[in-house]
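Every chain is numbered from 1, with letters handed out A, B, ... down the list of sequences.
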Protein chains: 2
Amino acid sequence: MRKKSTNSQEEMAKFAKALGHPTRLEILRLLSTQSCCFTGDLVEVLPIAQSTVSQHLKELKNAGLIQGEIDAPKIKYCINKENWEKARLLFSGFFD
Amino acid sequence: MRKKSTNSQEEMAKFAKALGHPTRLEILRLLSTQSCCFTGDLVEVLPIAQSTVSQHLKELKNAGLIQGEIDAPKIKYCINKENWEKARLLFSGFFD
DNA sequence: ATAGTTCATCGCAAATTTACGATTGATTTT
DNA sequence: AAAATCAATCGTAAATTTGCGATGAACTAT
């Protein structure tokens with residue numbers, strides 16, 4: 001009784017929350033079809049301001065779903081494969 | 001260029017958003033292990049106020065993941081199996 | 001009819017999210 | 001060194017989310 005949520009529920013909620021916006025889903029789709037993207041490539045494709053794209057990227061990064069590396073003067077974003085797999089397992093386990 | 005998100009992305013985002021809170025994940029887990037629950041059963045188990053549980057139930061219902069039927073004076077909540085399956089397919093398709 | 005039960009909804013406050021333009025810092029190019 | 005490019009961050013506004021206690025609606029039980 002009065003049980004708090006488990007660690008894996010916290011983690012899954014964190015992933016789900018990050019996935020809970022169409023723009024972020026689109027970013028992830030773009031990153032996973034092409035292997036990686038520069039921020040600028042995403043800004044060209046998405047119908048929102050550059051600063052907003054950066055914010056979404058930050059949230060995806062905080063959730064651990066993507067990672068960025070410097071390729072000066074650009075930044076190259078990729079799927080974080082380790083956590084991607086973690087998320088995949090959590091979701092597939094969740095849906096019985 | 002400037003492409004908006006697709007319908008299935010909108011739908012998946014809607015599901016993901018509903019899944020993006022530990023309490024709602026816990027509610028769904030409880031509903032799926034037992035086949036159904038009364039609101040009161042959930043309130044007993046969860047460490048939050050009754051009104052807050054009701055709000056979370058409402059969100060899950062709006063997202064289509066659960067459905068409630070009257071069993072007076074209680075309300076019996078169950079997984080919405082049709083949409084559950086839809087969500088399962090969207091997520092499993094998303095993670096390659 | 002009255003009292004009790006069950007759960008949704010209201011009203012509110014605090015925190016978070018989403019979006020934008022402007023600015024800044026870092027790096028590259030001229 | 002100066003100008004240009006790239007992307008994060010700042011500051012702000014509006015909307016949404018999360019949570020609670022109190023109230024209300026619908027039904028049941030006495």
Side-chain angles (χ1 to χ4, degrees), chain A residues 2-5 9-10 12-28 30-31 34 36-78, chain B residues 1-5 9-10 12-28 30-31 34 36-78 80:
Chain A
R2 307 274 113 178
K3 195 171 36 157
K4 268 203 54 182
S5 49
Q9 265 170 353
E10 295 282 349
M12 183 173 164
K14 189 190 64 182
F15 288 138
K17 194 173 179 184
L19 297 176
H21 193 291
T23 296
R24 291 195 289 269
L25 288 180
E26 177 66 5
I27 289 172
L28 290 171
L30 290 164
L31 289 184
Q34 307 162 53
C36 291
C37 276
F38 298 114
T39 306
D41 300 337
L42 297 169
V43 172
E44 271 181 42
V45 167
L46 297 168
I48 54 178
Q50 177 263 320
S51 59
T52 307
V53 173
S54 261
Q55 267 187 333
H56 283 303
L57 288 170
K58 188 182 180 180
E59 283 184 59
L60 289 170
K61 202 168 59 181
N62 287 343
L65 289 170
I66 67 173
Q67 60 199 32
E69 62 179 273
I70 296 168
D71 184 0
K74 303 184 181 183
I75 302 214
K76 192 173 66 177
Y77 279 104
C78 310
Chain B
M1 206 186 303
R2 307 276 113 178
K3 193 171 35 154
K4 266 202 55 181
S5 48
Q9 265 169 353
E10 296 281 351
M12 182 173 164
K14 189 189 64 181
F15 288 138
K17 195 174 179 183
L19 297 176
H21 192 290
T23 295
R24 291 195 289 270
L25 289 180
E26 176 66 5
I27 289 173
L28 290 170
L30 289 165
L31 290 183
Q34 309 161 52
C36 291
C37 276
F38 297 114
T39 307
D41 301 337
L42 298 168
V43 172
E44 270 181 44
V45 168
L46 298 168
I48 54 178
Q50 177 264 320
S51 59
T52 308
V53 173
S54 261
Q55 267 187 335
H56 283 304
L57 288 170
K58 189 181 181 182
E59 283 183 60
L60 288 170
K61 202 168 59 180
N62 287 343
L65 289 170
I66 67 173
Q67 59 200 32
E69 63 179 273
I70 296 168
D71 185 0
K74 303 184 178 181
I75 301 213
K76 192 173 66 176
Y77 280 103
C78 311
N80 181 322

Any side-chain N or O of A:H21 under 4.0 Å from OP1/OP2 of C:dA19?
yes

Taking NZ from B:K76 and C1' from D:dC27, how many angstroms apart are they, rounded to a whole number?
17 Å

Between B:K74 and D:dC27, is there a contact of a side-chain N or O with OP1 or OP2 at under 4.0 Å?
no

Nearest-angstrom distance from the residue atom CG of A:D71 to C1' of D:dA7:
13 Å

Rounded to whole Å, the CD1-C1' distance (A:I75 to D:dA7) equals 6 Å

Nucleotide nearest B:A72 when distance is taken to its side chain, options D:dT28, C:dT28, D:dC20:
D:dT28

Looking at every heavy atom in both A:A63 and A:A18, which two are closest together, and how far apart are they?
CB-CB, 3.6 Å

Just call it for B:K17: base, sugar-phosphate, or nothing, with non-hydrogen atoms closer than 4.0 Å on any strand.
sugar-phosphate

Can you tell me the distance, in whole Å, between the CD atom of A:Q67 and the P atom of D:dA8?
14 Å

Can you measure A:I48 atom CD1 to C:dG21 atom P for me and round it to whole angstrom units?
12 Å

Value for CD1 (B:I66) from CG (B:L57), rounded to nearest 0.5 Å, stands at 4.5 Å

Tell me: CZ of B:F38 to P of C:dA8, nearest whole Å?
13 Å

Atom pair CG/CD of A:L31 and A:E26 - distance to nearest 0.5 Å:
10.0 Å

B:L19 CG to D:dT17 P, straight-line distance once rounded to whole Å:
14 Å

What's A:E59 touching, base or sugar-phosphate or nothing? Going by heavy atoms closer than 4.0 Å.
sugar-phosphate

For D:dC20, does OP1 or OP2 lie under 4.0 Å from any side-chain N or O of B:S51?
no

Between atom NZ of A:K17 and atom CG of A:N62, what is the distance when rounded to the nearest 0.5 Å?
11.0 Å

Measuring to OP1 and OP2 of C:dT6, would you say a side-chain N or O of B:T39 lies under 4.0 angstrom away?
no

Please check the phosphate of D:dT17 (OP1 and OP2 only) for any side-chain N or O of B:H56 closer than 4.0 Å.
no

By nearest-nucleotide position on DNA chain C, the 5'-leaning member of B:V53 and A:T52 is B:V53

Which atom names give the shortest non-hydrogen contact between A:L25 and B:Q9, and what distance separates them?
CD1-O, 3.3 Å

Nearest 0.5 Å, please: how far is OG in B:S5 from CZ in A:R24?
12.0 Å

How long is the line joining CG of A:N62 and C1' of D:dT9, in whole Å?
14 Å

Nearest-nucleotide comparison on DNA chain C, the residue closer to the 5′ end among A:R24 and A:I70
A:R24

If the cut-off is 4.0 Å, is A:Y77 near the phosphate of D:dA8, judged by side-chain N/O to OP1 or OP2?
yes

Nucleotide nearest B:P73 (side chain, heavy atoms from C-beta), chosen from D:dT28, D:dC20, C:dC7
D:dT28

When you measure from the side chain of A:Q55, which nucleotide among D:dA7, C:dC20, D:dC6 comes out closest?
C:dC20

